[in-house]
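This report concerns only the one structure given below.
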Amino acid sequence: MEIAKTYNPQEAESKWYPYWTEKNFFKSTPDHRKAYTIVIPPPNVTGVLHMGHMLNNTIQDVLIRRARMLGFNACWVPGTDHASIATEAKVVKLLADQGIKKTDLSREDFLKHAWGWKEKYGGIILEQLKHLGASCDWSRTRFTMEPELSDAVIDVFIDLYNKKKIYRGVRMVNWDPQGLTAVSDEEVIHKEANSKLVYVKYKIENSNEFITVATTRPETIMGDTAVCVNPHDERYTKLKGKNIIVPVVNRVVPIIFDEYVDASFGTGALKVTPAHDINDFNLGQKYKLPVIDALTQDGKISEAAGAYVGMDRFACRKQIIKDLQEQGLVEKIEEIKNKVGYSERTDAVIEPRLSMQWFLKMEDMSKPALEAVLNNDVKLIPEKFINTYKHWMENVHDWCISRQLWWGQQIPAWYDDKGNTVVCKTKQEAFEKLKEQNAEVKFLDIKQDEDVLDTWFSSWLWPLTVFDPDIIKNGWEKANADLKYYYPTNDLVTGPDILFFWIARMIIAGKEYTGLKPFSNVYLTGIVRDKLGRKMSKQLGNSPDPLELISKYGADGVRVGLLLSSPAGNDILFDESHCEQGRNFANKVWNAFRLIQGFEMGTNVSQPEASKTAIEWFSNRLSEQLEIINDHYSKYRMSDALMATYKLVWDDFCAWYLEVIKPEFVDGKAQPIDKITFDATINYLESLLKIMHPWMPFITEEIWHLTKERAEMECIIVAEWPTVNTQNKETLQAFEVVKEVVAQVRNIRQQKNISPKEKLEVKERSDVGEQFSRFDSVVIKLANLSSYSYTKDKVEGAFGFMVMNAEFFVPLTGNINVAEEKERLAKELEYNKGFLRSVQIKLSNERFVSNAKPEIIEVERKKESDALNKIKAIEEQLASL
RNA sequence: GGGAGCUUAGCUCAGCUGGUUCAGAGCACCUGCCUUACAAGCAGGGGGUCACUGGUUCGAACCCAGUAGUUCCCA
């Protein structure tokens, strides 16, 4: 059979993914084996696969595939998140494009549109994950807003309300004027911005004097209800008891004195706008100031402002500055840098706003979750995130869980027309309960709370409800078999940006409802950036399309490319050339296979000595490296595990092992290979394919089936992970010497322009060399020697080099430039003498000898004697020239 | 403003308990090769004051203190 010279990924990908799913290799049901479980961080149902998803899903797939091979019952649960703000915003925009305003629709009609859209486009991202090779159990796919999971969310709300952990109240919240909803503190992203600090003159009542106030938000002047200064600020003590006239609206407001004000910022005088700043709000509470809400919910100037009504807040900011300047009320304008809050979901500038919201008390609930991480019950990888986590958990605020949206789980709170509130699942129940408080209540007058719950209030249950949506209702004792089997899950792989949004809250919910952690290890990936270190974003257009990458480099190539340089917790600077490297590696593997499958087995061929020793070496090498790879995995050092695999295959197997055992050509014809060597080689290839499989699932499955006839279910995806055998350290060391000798001979060829085809002679002068003589045949083959012999005497007229303590000679009479050779040897001698000196200084230092560990001293003594030998040898060589 | 991390070759990173021949890898680079598996390759090679300053130690990339730059988190 003719096999293509380059590997064709598309063919293998389109063949094996369907095969794996048809044969149910991804499917998991509880059995006698130990479970290994990962729940996917559910991507937004409206999302499109980006490089961040590629990275963390590749890692999850590597972990799950290896666990499967190690004999665990591996279960990777996929699904999507309803992402209330993001999805609602998308649907609103889509409807707007069709000329439909959300405000013209009823809640029911809007939700119909939203569900219709979700059914049509939702879950595209899961289809994309299949191209990557993700081995999720698709039969378990979940959606955070499907009825069963929504039920659980409602149950949790009711339960926590009954436990007095959820309350409702008017608070200053982060308002998203574009999404028209409150968002939690965690959903506000603070970015540095260039702002104008405007110094505005406020007239002092009954006087011609002014007090100057510095503000970055002049458009809120209409909401000012006081001016505040620090009581210790001597500049202003004379103003005690005075009133101030707010410009634009000419409102008379008091001047108040409070230590909150920083006398060194601006003019030391602060305008107090209780409706539009949390600190001003607190001052307002303290001094009983009126609250004037000068903005509407969509960020325009409100009726209450009394001026600029209906104008956008930013347009108003410009206009008001201009107008104040014209009135001579602007003293100066400074350019400053400050932090401005943006909505995580809509990128609109957040407006602090007073409103009635639902909150979850976090103080008590966060304690067991903090404990779980601090005592290592839940491990964060890398560990540096423990500090961040601790800091957040110790300073956690109550969680604003209501959102003024329709897409999501509607809050199960019910109100009658007298202001009574009950929390329960159905209107009927609400009716019964409200009757206890209000005997005349009419069923039709009962209204459900209009708001929905924060998306994270559903995703914090994800590791529980994907297995048992009834867990909240039934409790952990009565949990179903799935949950008891798979929970706590093993590893969670996600970005550090959702450490608080999601990870911390899952631990809280897990502890609250099962008393157990939701997962044992959290692997925090970095953020994927472009090679200039910029975050990948649509605006910059620097984010490659993952599916295009896959079609260009193959799924295996992209997987390897992504993981080659992505240490946990560090950002990865993505460069397409990494994928190229991944593709090249796949091609290398492909060609190693081509070589092996082209071997022609001879019936009466005896095994060459070189092949025999190469086999002896490689079996040790394979075990040695596999042990290292296993160790990297156990420490979640993914890049290291991959790199060790890469080098084992490319360097050890291809560059050394295959080069030794590959039959020679005689008269243009490849010689047949002996059976022992052939079988050993196939064996090694199979082991290597298994070790490579988690990284490169497609090519390994493809070659696995090309090496042998396989039964229907005999696939590499379920093959057993190779085991580590004890290694002979001496063999491994000896081969390192072999590599060095071969490299030295090649080096001489390069320097002297001797063709690789010309056979050379090598003589070794050493006391110990012969104990490794079984490796001589390997050297002869790889260095292309005519002979390899031992001598007790030095060899005249030859190039020399040293490896360890042995001297090697390549006789090349007539070819030697004596002066050049002398110079080279002199240099080497100089170096070794210097080295000897430093070792001897160390050894003659009494404090070193008395303080250092004995084995360290032993090493130094060895260095000394080795150096002495080497110097002697070099001197002899020099003398012979 | 508070906190955490990072700074090692041109780039991306290892360096785990302070101790093997003046610090390792991959990529990139340079030189020579289309040698019957692979030019997506082979062989060989060059490249580093371990951010800076000081301290501890027989010994520091590693421990401590300070400085600078940088990233992230929180307010």
Side-chain angles (χ1 to χ4, degrees), chain A residues 3 5-7 185-186 190 262 278-279 339 341 382-392 394-397 496-497 499-500 526-527 529 531 533 553 557 564-567 569-575 577-578 580-599 631-632 635 637 639-640 642-644 646-647 650 654-655 658-659 662 664-665 668-670 742-744 746-751 753 755-757 782 784 804 831-832 834-836 838-839 841-843 845-853 855-860 862-864 866-867 870:
Chain A
I3 293 179
K5 198 169 161 183
T6 47
Y7 168 60
D185 292 344
E186 291 71 36
H190 296 273
D262 176 1
I278 179 67
N279 298 306
K339 291 278 177 87
E383 286 177 355
K384 68 177 176 186
F385 288 107
I386 295 173
N387 281 327
T388 319
Y389 181 85
K390 179 167 180 270
H391 189 254
W392 188 76
E394 284 172 347
N395 298 285
V396 65
H397 298 130
D497 47 334
L499 184 60
F500 310 134
I527 294 165
R529 296 172 181 277
K531 61 179 166 187
Y553 299 104
L564 267 174
S565 68
S566 53
N570 278 2
D571 288 357
I572 94 158
L573 301 191
F574 180 77
D575 189 336
S577 68
H578 292 157
E580 204 179 316
Q581 197 186 342
R583 177 201 63 180
N584 293 356
F585 183 44
N587 195 51
K588 184 73 187 176
V589 173
W590 182 250
N591 276 289
F593 160 67
R594 277 181 69 218
L595 172 68
I596 294 167
Q597 71 84 39
F599 288 158
D631 184 56
H632 285 318
K635 292 170 181 148
R637 293 163 164 267
S639 304
D640 291 340
L642 174 57
M643 188 46 75
Y646 180 95
K647 287 201 275 192
W650 198 311
C654 294
L658 288 179
E659 288 301 328
K662 151 170 127 180
E664 280 171 276
F665 276 75
K669 258 192 76 185
V742 171
Q744 289 284 3
R746 284 171 176 170
N747 189 4
I748 288 172
R749 282 184 194 277
Q750 182 90 3
Q751 277 176 22
N753 256 322
S755 158
K757 285 174 184 161
L782 294 182
N784 193 24
M804 306 282 281
Y831 164 79
N832 279 289
F835 176 73
L836 177 66
S838 76
V839 173
I841 286 171
K842 219 181 210 180
L843 280 169
N845 182 339
E846 203 178 300
R847 287 196 291 178
F848 170 73
V849 180
S850 54
N851 286 322
K853 283 180 273 183
E855 56 269 31
I856 299 295
I857 296 169
E858 204 40 56
V859 166
E860 293 299 317
K862 177 96 173 39
K863 282 193 213 168
E864 184 187 29
D866 285 356
K870 219 161 186 176

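Values below: every heavy atom of this structure, side chains too, minus hydrogens, waters and symmetry copies. Per chain, numbering begins at 1; letters A, B, ... match sequence-line order.
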In chain order, what residues pass the salt bridge (Lys or Arg N to Asp or Glu O under 4.0 Å) check against A/Lys862, with sequence neighbours excluded? A/Asp866
Modelled atom types, side-chain donor and acceptor of A/Asn584 and A/Glu580, under 3.5 Å: no
When all nucleic acid strands are considered with a 4.0 Å heavy-atom cut-off, which category describes A/Phe500: base, sugar-phosphate, or nothing? sugar-phosphate
Taking the [atom1] atom of each, how far is [N] from [M], in whole Å?
N      : M      : atom1 : value
B/rU7  : B/rA14 : P     : 8 Å
B/rG45 : B/rC27 : P     : 15 Å
B/rA25 : B/rG15 : C1'   : 10 Å
B/rG18 : B/rA61 : P     : 13 Å
B/rC62 : B/rG46 : P     : 27 Å

Base, backbone or nothing for each nucleotide of nucleotides 25-37 of chain B, written B, S, -, heavy atoms under 4.0 angstrom, 5' to 3'? SSS---B----BB
Tell me, for nucleotides 1-9 of chain B in 5' to 3' order, what letter each nucleotide earns: B for a base near a protein heavy atom under 4.0 Å, S for only sugar-phosphate near one, - for neither? ---SS----
Just how far, in rounded Å, is P of B/rC73 from CD1 of A/Ile386? 19 Å
Fill in the dot-bracket string of RNA chain B, one character per base: . for unpaired, | for a pair to another strand, ( ) or [ ] for pairs within the strand, taking Watson-Crick or G-U pairs under 3.5 Å. (((((((..((((.....[....)))).(((((.......))))).....(((((..]....)))))))))))).
Where A/Glu659 and A/Leu782 come nearest, the two heavy atoms and their spacing: CB-CD2, 3.7 Å
Of A/Trp590, A/Tyr553, A/Phe593, A/Phe585, which meets ring-ring contact (aromatic ring centres under 6.0 Å, His included) against A/Tyr7? A/Trp590
Which residues pass the ring-ring contact (aromatic ring centres under 6.0 Å, His included) test with A/Phe500, sequence neighbours left out? A/Trp392
Would you say CD of A/Glu394 has more than 12 non-hydrogen atoms from neighbouring residues, nucleotides or ligands within 6.0 angstrom? yes
For B/rG45 and A/Asn747 - does any side-chain N or O of the residue sit under 4.0 Å from the phosphate oxygens OP1/OP2? yes
Note: for A/Arg746 and A/Arg847 on RNA chain B, the residue whose nearest nucleotide lies more 5' is A/Arg746
Any N or O donor-acceptor pair under 3.5 Å from the base of B/rA40 to the side chain of A/Arg583? yes
Between protein and nucleotides 16-20 of chain B, what N or O pairs are separated by less than 3.5 Å?
from, atom 1, to, atom 2, distance (Å)
B/rU20, O3', A/Lys863, NZ, 3.2

